[in-house]
Amino acid sequence: ITQTASGCEVTSTTVEVDVVPGPTFTTQPIGTNVCVGATISPLTISYINGSGTPQYQWYSNTISSSTGGTLITGATNNTYTPTTITAGTTYYYCSIDLPQGGCNTIYSNTAEIIVNPDPTIDIQPIPNQNICIGGNSQQLDVNYINGIGNPTYQWYSNSTSSNTGGTLITGATNNTYIPPTFNTIGTFYYYCVVSLSGNGCNDAISDVAEIEVIDNPTVSSITPTYQQLCQSAPISDIIVVSNGGVGTSYSYQWYSNTISSNTGGTLITGANNNTYTPQNITVNTTYYYCVITQTASGCEVTSTTVEVD
């Protein structure tokens, strides 16, 4: 600083002006894919450069954009933990403002947070099956929807109609299960638990499948047990009466044999009623018997033989 008068001059001390690079993000928020109610790690951001004390503000958005989001009240730190109470997809981003240094506000990338509904069973196993001793039930199937992650399946048997408290079936770890052949009368129950590896996903448990095992049908009578007659003489029908098994509907198939045995005979075409008229033309001794079946698995009984001379 000088004046016109001779020797009037003075020099100030120095002042420092630092022009620094604007702030940039070194850590961006990372999205995740979880189930409802999951506990997730906080979204975190960090930055370098710029000047002054940072001011953070988090936003949510319905689209993957770092503009136009909704300000989240109170979310003013460099970390933020989104809620997972409601299923849906939400995008989050953070702004950093350095007002003291005059730096431009910067905005992070968006983090996509997908919150899935918990898995539910949409294909249930067959609820009720009736079979006979020695029969095989139909395959039990399950399928699920929703959730996230890799599924594991585990089937259980139970002594009551409940899908809790059952006994784990070793090796039954697919979405299908074929129960064993049943050799005991009773009612048996099965269900499946589907577990997902995704964060926070609850198990999906199927309904109970009930399999009722009933004793085989029986032959209450087959008459007459013996007929002897001359060639072409009038002959009586053979009548078989059955009961038991699953329901009251029966199918019949008659057989003829050259020996007194109810196995190994010759099927008589068209002989499908509970009555059968034996032949009386050819002179011989023939034995007849009937195999009685029902549509339910394993429901079958064979009558004793009757003799026609």
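We use all heavy atoms of the structure for the numbers below, so side chains are in, but hydrogens, waters and symmetry mates are not. None of the values given here were measured: they were computed from a predicted structure.
For the residue pair Thr176 / Asp141, no side-chain donor-acceptor distance below 3.5 Å is found, with atom types taken as modelled. For the residue pair Asn280 / Ser232, no side-chain donor-acceptor distance below 3.5 Å is found, with atom types taken as modelled. Residues Thr105 and Ser95 have side chains that never bring a donor and an acceptor to within less than 3.5 angstrom of each other. For the residue pair Tyr226 and Asp309, a side-chain donor N or O sits within less than 3.5 Å of a side-chain acceptor on the partner. Side-chain atoms of Asn243 and Thr218 include a donor-acceptor pair closer than 3.5 Å. Thr263 and Ser261 share a side-chain donor-acceptor pair at under 3.5 Å. Between the side chains of Thr305 and Ser260, at least one donor N or O sits under 3.5 Å from an acceptor N or O. A donor-acceptor contact closer than 3.5 angstrom links the side chains of Asn284 and Thr286. A donor-acceptor contact closer than 3.5 angstrom links the side chains of Asp118 and Asn202.
Between Ala204 and Pro119, the shortest heavy-atom contact is CB-O, 3.6 Å. The shortest non-hydrogen separation linking Asn49 to Gly22 is CB-O, 3.3 Å.
Residues Ser66 and Tyr91 are not in side-chain contact: their nearest non-hydrogen atoms beyond the backbone lie 4.5 Å or more apart. The side-chain heavy atoms of Ile292 and Val219, taken from C-beta on, include a pair separated by under 4.5 Å.
Surrounding CD1 of Ile281 are more than 12 heavy atoms belonging to other residues, nucleotides or ligands, all under 6.0 Å away.
Note that OG1 of Thr293 and CG of Asn216 are 11.5 Å apart. Values are rounded to the nearest 0.5 Å. To the nearest 0.5 Å, atoms OH (Tyr47) and CD1 (Ile45) are separated by 8.5 Å.
No chain of hydrophobic side-chain contacts below 4.5 Å, direct or via other Ile, Leu, Val, Met, Phe, Trp or Tyr residues, connects Val291 to Val306. There is a path of hydrophobic side-chain contacts, each under 4.5 Å, that joins Ile185 to Phe188. Hydrophobic clustering of Ile, Leu, Val, Met, Phe, Trp and Tyr side chains at less than 4.5 Å, counting indirect connections, unites Phe25 with Leu43.
Note on ring orientation: taking the six-membered ring where Trp is involved, the planes of Tyr191 and Tyr156 are parallel (angle under 30°, cut-offs 30° and 60°).
Ring-centre distance between Tyr288 and Tyr255: not below the 6.0 Å cut-off.
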